[in-house]
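See below for the structure under consideration.
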There are 2 protein chains.
Amino acid sequence: MEHLIEKFRQFIKQKGLKYTPEREEILREILSLEDHFDVESLYLQLKKKNSKISKASIYRTLPLLVEGGYIQEVYKQGGHSHYEVTLNKQPHLHFICIQCGEVKEALDHRLNNLIEEFERQSKYRFLTYHLEIFGLCPNCREV
Amino acid sequence: MEHLIEKFRQFIKQKGLKYTPEREEILREILSLEDHFDVESLYLQLKKKNSKISKASIYRTLPLLVEGGYIQEVYKQGGHSHYEVTLNKQPHLHFICIQCGEVKEALDHRLNNLIEEFERQSKYRFLTYHLEIFGLCPNCREV
DNA sequence: TTGTATATTGAAATTAATTTTCAGAATTTA
DNA sequence: TAAATTCTGAAAATTAATTTCAATATACAA
Ligand SMILES: [Mn+2]
Ligand SMILES: [Mn+2]
Ligand SMILES: [Zn+2]
Ligand SMILES: [Zn+2]
């Protein structure tokens, strides 16, 4: 945990930016989250801990965390972006219920193998992928 | 082509909605497009042909066309949605260059097979999927 | 046809996520 | 310290998408 914070500090400095308590606080909070999150939930979570961090700072920090490889934007829902911590996590797919909004993750190595093979067969450089499957969850399908 | 229009008319009526020239005009224009499109490009395209259709009507018609299976929202870029005609098209992946924004399609039956297998192994009902691969296109990777 | 109920239209107003502006505060380096 | 630069929160601005509204068009039965 602390070494991730330290690496973030180095990342920020190396970009010629200033290392601020706000940036560190946002990273710490995100690393403590288990689930997907969005700006609103992160903001409320911080507020609950009496943090005075503004949404503007959150909006300004998230792209840095994406660039540093800490988080990824994984899907849009309800008109806004949702993120997740990507450290120690393999690329995976998201199933999204179009009825109730439930989001479920699944990991399958065959998918990752296939995508790696796509890359080898192409002239592109693959950095990341999003696979979103839309449909009905077990609850919603029985209507 | 005309039978698609007719099927759309039936679809609209069967929903208890009214069949209007605006709705038909939007569908005709979309069916004539070869590429992905967004609201702005569709609006300008219609305007070029002296159509007086408003953006509001486009925004109102696109969800009907999605519901009817004519189009799909395929990705967000530049903060807004992009669509494509899905008739006579198999599900496919999109490669998006994070540098220049180029979007390229690819079709691979192994991917579709794999996703069908995911569905069989799950308790979910899969309706559609989006696979977006982000990276660098051949031009942009050589820097 | 004609009349009536209902849905649709374009334009303008509204909403909501995200970005930008700005002046004061904090960080960095010397 | 002191100076240079970046960052902050709050408010304003931007922009995709949605909603409102009054006028118009559609559908369908008489
Ligand atoms: Mn996930
Ligand atoms: Mn496509
Ligand atoms: Zn559900
Ligand atoms: Zn490119």
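Since we're looking at a predicted model, the values are computed, not measured. No hydrogens, no waters, no symmetry mates; every other heavy atom, side chains included, goes into these values. So that the names make sense, note that chain A is the first sequence line, chain B the second, and so on, each numbered from 1.
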key: Contact under 4.0 Å: B/R23 side-chain N or O vs C/dT8 OP1/OP2   = yes
message = So, OP1 or OP2 of D/dA17: does either fall under 4.0 Å of a side-chain N or O from B/S81?
response = yes
query = To the nearest Å, how far apart are B/K55 NZ and D/dA17 P?
reply = 10 Å
message = Looking at D/dT18, I'd like to know if its phosphate oxygens (OP1 or OP2) sit under 4.0 Å from a side-chain N or O belonging to B/Y59.
response = no
message = Closest approach to the side chain of A/V39, judged atom by atom: which nucleotide of C/dT18, D/dG9, C/dA11 is it?
response = C/dT18
Pair A/F126 and B/F95, ring centroids less than 6.0 Å apart = yes
inquiry  = Between P on C/dT19 and NE2 on A/H80, what's the gap in Å once rounded to a whole number?
reply    = 14 Å
request  = Using whole Å, report how far CD1 of A/I12 lies from P of C/dT27.
outcome  = 14 Å
query = How close or far is atom P of D/dT6 from atom CG of A/L64, stated in whole angstroms?
reply = 14 Å
message = Using side chain to side chain donor-acceptor pair (under 3.5 Å), reason through A/Y19 and A/E24 one step at a time and then give a plain yes or no.
response = CA-CA 8 Å; A/Y19 193 68; A/E24 180 173 323; 2.8 Å; yes
task = Using distance alone, with no hydrogens and no angle criterion, decide if B/T61 and B/E22 have a side-chain donor and acceptor under 3.5 Å apart.
result = no
request  = Rounded off to whole Å, could you give me the CD1-to-C1' distance for the B/I26 and C/dT9 pair?
outcome  = 11 Å
task = Using atom OH of B/Y43 as one end and atom C1' of C/dA11 as the other, report the distance to the nearest whole Å.
result = 10 Å
key: Atom CD of B/E34: over 12 foreign heavy atoms under 6.0 Å   = no
ask   = Which whole-number value in Å describes the distance from A/E24 CD to D/dT6 P?
value = 21 Å
remark   = Here DNA chain D, pairs taken as Watson-Crick or G-U under 3.5 Å and shown with ( ), [ ] when crossing and | when to another strand, reads ||||||||||||||||||||||||||||||
Nucleotide C/dA17, atom P - distance to OH of A/Y83 in whole Å = 13 Å
query = Are the side chain of B/R141 and the backbone of A/K123 linked by a donor-acceptor contact shorter than 3.5 Å?
reply = yes
Ignoring hydrogens and angles, write down the donor-acceptor pairs under 3.5 Å from the side chains of residues 99-108 of chain B, residues two or more places apart or on other chains.
from   : atom 1 : to     : atom 2 : distance (Å)
B/E102 : OE2    : A/Y124 : OH     : 3.4
B/E105 : OE1    : B/K89  : NZ     : 2.9
B/E105 : OE2    : B/H36  : NE2    : 2.8
B/E105 : OE2    : B/K89  : NZ     : 2.8
B/E105 : OE2    : B/H92  : NE2    : 3.2
B/D108 : OD1    : B/R110 : N      : 2.7
B/D108 : OD1    : B/R110 : NE     : 3.0
B/D108 : OD2    : B/R110 : NE     : 3.4
B/D108 : OD2    : B/R110 : NH2    : 2.7

remark   = Note: for B/P21 and B/K76 on DNA chain D, the residue whose nearest nucleotide lies more 5' is B/K76
ask   = Is the shortest side-chain N to carboxylate O distance from A/R28 to A/E2 below 4.0 Å?
value = yes
task = Scan side-chain atoms only and decide if A/Y43 and A/K47 contain a donor-acceptor pair under the 3.5 Å cut-off.
result = yes
request  = Among D/dA17, C/dT9, C/dT20, find the nucleotide with the atom closest to the side chain of A/A56.
outcome  = C/dT20
query = Is the gap between the ring centers of B/F8 and B/Y70 under 6.0 Å?
reply = yes
ask   = Does the side chain of B/S57 get closer than 4.0 angstrom to OP1 or OP2 of C/dT8 through an N or O atom?
value = no
Between the protein and nucleotides 28-30 of chain C, which nitrogen or oxygen pairs are less than 3.5 angstrom apart?
from   : atom 1 : to    : atom 2 : distance (Å)
C/dT28 : OP1    : A/K13 : NZ     : 3.3
C/dT28 : OP1    : A/Y19 : N      : 3.3

request  = Mind checking B/K52 for me? I need base, sugar-phosphate or nothing, with any heavy atom below 4.0 Å counting as a touch.
outcome  = sugar-phosphate
key: In one Ile/Leu/Val/Met/Phe/Trp/Tyr side-chain cluster, 4.5 Å: B/Y129, A/I115   = yes
